[in-house]
Structures are given as structure tokens and as C-alpha cells.
Visitor: 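My questions will all concern the structure given below.
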Amino acid sequence: MEPMTDLGTPSVLSPDEADRAVRLAAPRGYCAGVDRAVITVEKALDLYGSPVYVRKQIVHNKHVVADLEARGAIFVEELDEVPGGQTVVFSAHGVSPAVHADAAERNLKTIDATCPLVTKVHHEARRFATDDYDILLIGHEGHEEVEGTAGEAPENIQLVQSPADVPNIVVRDPAKVAWLSQTTLSVDETMDTVDAIRERFPLLLDPPSDDICYATQNRQLAIKEIGKDADLVIVVGSANSSNSVRLAEVALEAGAKASYRVDDASEVNTAWFEGVRKVSVTSGASVPDSLVVGVLDLLSEHGFPDAEAVHTAEESLIFALPPELRRDLRAAGRS
């Protein structure tokens, strides 16, 4: 069917518009861990009433945080901002044992919304530390997930941010070195760092399973597929979202001519559209799909056709809500 003008008569696409295409990554957006964390705060507010405190951003997306704040959640940086006896939710990125101990000392009711895949890395850290390994944690300094994992075995763990850090690594026994990683990193960059570490320590022990989460890998594979010949890639996600930032970088590495990360459609510079034929769109693992729809609507307003979804993986994983919340929901007859 031909596009219609406002007057209801057929319009003719210009040559510039006729060969345009928009490809939409599938999967994109919310992963199981993010979905679980957001629902945890929503159900806690419904069950306990406002306020419910949340340590750090529940997930790294400013729109999600603002929505939950509007519903009565109060986000704090540290537990000393939470009044004694109140309910506090720990974010999807996880916390260290010291934070759990602080919460218990202050008589806070805690709900741990740590992503189970992050919890798995915590278990691995404790196991390697029990076996007295030096643990090289690949990740970004200051990221909440890195701080939480490092807190599991601070005497054994040292941070490695890139291959450039490898020459400065000091270990007690080169035969007893293991590595772990932040779950939201670029798969390729992580393995580059692992390879550099293994050159120095050939007996380097791998974690029992891949630490990079399934959703991070799937979204990176998807953007590689639809970004390799794109004139423009738009990644929807917040600046503090490691996996969103990585997606924009992976797109360039795959061959995209230009790649930008935006929080929402309001941050899209329409000058980016000049001379562009192929646009690829995706979003980070903590992004509601409504924000992606806003970007697609903007593209449509500027003469781009409806998006074609490109499926590269299917995701069906669902995580149960935190056990402490499930228990209270059952007691209230709301399970």
C-alpha cells in the first residue's frame, strides 16, 4: 500500500526515502534479572506501602528509576541514609557481605534483588578464595557489581580493567590464579584481557561457567548482525549502563559507520539522519521497550519505514522473585 498524505491522496517516496531501511534487534531491552528487580520494587511498594528504600539504582536506567520514585521508592547511595527498621531493596548489581552485615546491624528489613547470574559470580569468588587462589576480576572500577563481587573476597581479588593492566599484576603463586568478570562487559574485550592474562599465567583457571550474562551476549551478537553494514546505529540506554555503552562500541567494531547511545528519542540528533539509508536500533538490558518505540516513531516522522525485527536468539528465562518477598506475599495472600 502506498503511503498517504494528510489529504488522503497517494504520495510518492523520494529516491532518498525509497531505499531506506530500519532494522530492530531481537532480543533487546529487559533481561530476566532486570525484570525481576523492577517487579521486586513494584511489589514491595504494593505490599508494604511507601516508602520502600532502594540502595543504588535498582537498574541502570534513569527512566525506570524516575518511574519507581514516582510510585514511592526512595533511592539512596548507602544504608546510613535509611532510617532504622525500614525496608530496603538491594539492586540487581549485588552487594558485598559487609553491606548485608550493616543492614542486619541497623535492623533493616532487606530484600535482595541481586540478579542470580551476579550471585553465581559471588559464589565463584568465594569458592576460589576458599581454595586460596589469587582472583583477577575483569571489570570497571567503581561499578556496583564489581564492588559487590570484590567484597566477597577482598584479600584475594584484584581488579583488571584491560590488557594494559596485565603487566602490573602481582600474584603470590602463578600456579594458583583464577579469573572472573563483571557480567555486563563486551565478550570480545573480556576475552582479549583473559588472553593477555593467560600469556603471563599459563595455568590461569577459568570460572566453571561463562560469567558474561546470556542477555549481554545475545544483545551483542544481535547488534553485530544488524550493525555490520549500518549507516547509523542507535542504542537506547543510560550512560551508566555498562551493557548499553558496550553495545554502541560493539556496533562500531562490527562495521557500523556511526553509533550513538541515547536515553530516549529526545537525545537523538536528527542531523545524524543526513545521507543515511540503513538504520539499526537496539536497547540495553535495563531499557523499557516504550523508549525504543519513541525512537522508531521519530525515525518514521523523518521518512524512515517501519522497522523490521531481526531475530538472532530466543529468550525465555524467568527468575523467581526474592524468597523474602515471596514469603511475605504468601503471608498476605497475594502470591
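For reference, positions follow the sequence shown, starting with 1.
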Visitor: Locate the shortest heavy-atom distance separating Pro288 from Asn61; write the atom from each residue and the value.
Guide: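 That closest heavy-atom pairing would be CD-OD1, 4.0 Å.
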Visitor: Are side-chain heavy atoms of Asp112 and His100 found at a separation under 4.5 Å?
Guide: yes
Visitor: Can you confirm whether Lys224 sits close enough to Asp188 that some side-chain heavy atom of one is under 4.5 Å from a side-chain heavy atom of the other?
Guide: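 Yes, at least one pair of side-chain atoms sits under 4.5 Å.
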Visitor: Give me the atom names and distance for the closest heavy-atom approach of Val166 to Val160.
Guide: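 Minimum heavy-atom separation between Val166 and Val160: CG2-CG1, 4.3 Å.
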Visitor: His60 side chain to Asn240 main-chain N or O, any donor-acceptor pair under 3.5 Å?
Guide: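 Answer holds: yes.
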Visitor: State, yes or no, whether a side-chain contact exists between Lys109 and Asp328 at a heavy-atom distance under 4.5 Å.
Guide: yes
Visitor: Taking only residues two or more places apart in sequence or in another chain, which ones pass salt bridge (Lys or Arg N to Asp or Glu O under 4.0 Å) with Asp210?
Guide: none
Visitor: Can you sort out the partners of Asp165 under salt bridge (Lys or Arg N to Asp or Glu O under 4.0 Å), two or more places apart, ordered by chain and number?
Guide: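 Listed in chain order: nothing, the list is empty.
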Visitor: Run the salt-bridge test on Lys62 and Asp264 with the 4.0 Å N-O cut-off and return the result as yes or no.
Guide: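 Salt bridge flag = no for Asp264 with Lys62.
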Visitor: Taking the side chain from Ser96 and the backbone from Gly151, do they hold a donor-acceptor pair closer than 3.5 Å?
Guide: no
Visitor: Determine whether Thr183 and Thr216 satisfy the following criterion, side chain to side chain contact (heavy atoms under 4.5 Å, CB included), listing intermediate values before the conclusion.
Guide: CA-CA 8 Å; Thr183 63; Thr216 297; 5.6 Å; no
Visitor: Under the 3.5 angstrom rule, does the side chain of Ser280 hit a backbone N or O of Ile226 as a donor-acceptor pair?
Guide: yes
Visitor: Could you check whether any side-chain heavy atom of Glu152 comes within less than 4.5 Å of a side-chain heavy atom of Pro97, counting everything from C-beta outward?
Guide: yes
Visitor: Determine whether a donor-acceptor pair (N or O, by modelled atom type, separation under 3.5 Å) exists between the side chain of Arg106 and the backbone of Leu79.
Guide: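 Such a contact is found between Arg106 side chain and Leu79 backbone.
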Visitor: Which atoms form the tightest heavy-atom contact between Trp179 and Arg198, and what is the distance?
Guide: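 Answer, listing the atom of Trp179 first, then Arg198: NE1-NH2, 4.1 Å.
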Visitor: State, yes or no, whether a side-chain contact exists between Leu329 and Leu47 at a heavy-atom distance under 4.5 Å.
Guide: yes
Visitor: When rounded to the nearest 0.5 angstrom, what distance separates CD in Glu145 from NE2 in His122?
Guide: 6.5 Å
Visitor: If you measure from CD on Gln86 to CG on Leu108, what distance do you get to the nearest 0.5 Å?
Guide: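 Spacing of CD (Gln86) from CG (Leu108) equals 8.5 Å.
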Visitor: Out of curiosity, Ile138 CD1 to Asp211 CG, how far, rounded to the nearest 0.5 Å?
Guide: 9.0 Å
Visitor: Go through it in stages, so that I can follow the logic: the residues are Phe75 and Ile58, the test is side chain to side chain contact (heavy atoms under 4.5 Å, CB included), and I'd like the CA-CA distance, side-chain angles, deciding distance and then a yes or no.
Guide: CA-CA 8 Å; Phe75 291 85; Ile58 186 67; 4.0 Å; yes
Visitor: Give the intermediate values and the outcome of side chain to side chain contact (heavy atoms under 4.5 Å, CB included) for residues Glu249 and Ser186.
Guide: CA-CA 9 Å; Glu249 294 172 350; Ser186 159; 5.7 Å; no
Visitor: With sequence neighbours excluded, what pairs up with Arg327 under the salt bridge (Lys or Arg N to Asp or Glu O under 4.0 Å) test?
Guide: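 Partners of Arg327 by the salt bridge (Lys or Arg N to Asp or Glu O under 4.0 Å) criterion come out as none, since no residue qualifies.
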Visitor: Considering all heavy atoms of both residues, which atom of Val54 and which atom of Ala73 are nearest to each other, and what is their separation?
Guide: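 Result for this residue pair: CG2-CB, 4.4 Å.
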Visitor: Side chains of Glu147 and His93: do they bring a donor and an acceptor to under 3.5 Å?
Guide: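 There is no such pair (donor and acceptor under 3.5 Å, judged by atom type) between the side chains of Glu147 and His93.
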Visitor: Would you say the side-chain atoms of Glu42 pair up with the backbone N or O of Arg71, donor to acceptor, closer than 3.5 Å?
Guide: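 Not a single qualifying donor-acceptor pair exists.
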Visitor: Does the distance from a Lys or Arg side-chain N to an Asp or Glu carboxylate O, for Asp131 and Lys176, drop under 4.0 Å?
Guide: no
Visitor: Can you find a pair of side-chain heavy atoms, one from Gln220 and one from Leu185, that are under 4.5 Å apart?
Guide: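 Of all side-chain heavy-atom pairs linking Leu185 with Gln220, none is under 4.5 Å.
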Visitor: Parallel, tilted or perpendicular: which describes the rings of Tyr260 and Trp272, with under 30° parallel and over 60° perpendicular?
Guide: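 Rings of Tyr260 and Trp272: parallel, under 30°.
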Visitor: Heavy-atom distance under 4.5 Å between the side chains of Tyr133 and Val171, does that happen here?
Guide: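 No - every pair of side-chain heavy atoms lies 4.5 Å or more apart.
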Visitor: Taking all heavy atoms of Pro208 and all of Arg127, pick out the closest pair and write down the distance.
Guide: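 Where Pro208 meets Arg127 most closely, the heavy atoms are CD-NH2, 3.5 Å.
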Visitor: Is there a donor-acceptor contact under 3.5 Å from the side chain of Gln217 to the main chain of Tyr214?
Guide: no
Visitor: Show, in sequence, the C-alpha distance, side-chain angles and deciding distance for Ile111 and Tyr48, and conclude whether the side chain to side chain contact (heavy atoms under 4.5 Å, CB included) test is met.
Guide: CA-CA 12 Å; Ile111 300 172; Tyr48 309 125; 3.5 Å; yes
Visitor: Would Arg277 and Asp231 pass as an ion pair if we require N to O under 4.0 Å?
Guide: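 Looking at Arg277 and Asp231, the cut-off is not met.
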Visitor: Should the pair Asp289-Arg28 be classified as a salt bridge under the 4.0 Å nitrogen-to-oxygen rule?
Guide: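 Judged by the 4.0 Å cut-off on N to carboxylate O distance, Asp289 and Arg28 do form a salt bridge.
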Visitor: Are the side chain of Gln158 and the backbone N or O of Ile169 linked by a donor-acceptor pair below 3.5 Å?
Guide: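 A pair under 3.5 Å: no.
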Visitor: Write down the atom of Glu315, the atom of Pro27, and the distance for their closest heavy-atom approach.
Guide: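 Taking Glu315 first and Pro27 second, the nearest heavy atoms are OE2-CG, 3.4 Å.
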Visitor: If hydrophobic clusters are built by linking Ile, Leu, Val, Met, Phe, Trp and Tyr wherever their side-chain heavy atoms come under 4.5 Å apart, do Val22 and Val293 end up in the same one?
Guide: no
Visitor: With rounding to the nearest 0.5 angstrom, report the OG1 to CG distance, Thr270 to Leu299.
Guide: 10.5 Å
Visitor: Among the clusters formed by ILVMFWY side chains lying less than 4.5 Å apart, do Ile212 and Leu137 turn up in the same one?
Guide: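 No; tracing contacts between hydrophobic side chains, which count when under 4.5 Å, never links both residues.
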Visitor: In Å and rounded to the nearest 0.5 Å, what is the OG to CZ distance from Ser283 to Arg261?
Guide: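 Output value for this atom pair is 13.0 Å.
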Visitor: Hey, does Val250 have a side-chain heavy atom less than 4.5 Å from the side chain of Val187?
Guide: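 No - every pair of side-chain heavy atoms lies 4.5 Å or more apart.
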Visitor: So does Thr114 get a backbone contact from the side chain of Arg36, meaning a donor-acceptor N/O pair under 3.5 Å?
Guide: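 Pair found, side chain donor or acceptor close to backbone of Thr114.
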Visitor: How long is the straight-line distance from CG of Asn243 back to CZ of Arg219, given to the nearest 0.5 Å?
Guide: 7.5 Å
Visitor: Answer yes or no: is there an ion pair linking Asp102 with Arg55, defined by an N-O contact shorter than 4.0 Å?
Guide: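 A salt bridge is absent here (no side-chain N lies under 4.0 Å from a carboxylate O).
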Visitor: Output yes when a side-chain donor or acceptor of Thr130 lies under 3.5 Å from a complementary backbone atom of Arg126, and no otherwise.
Guide: yes
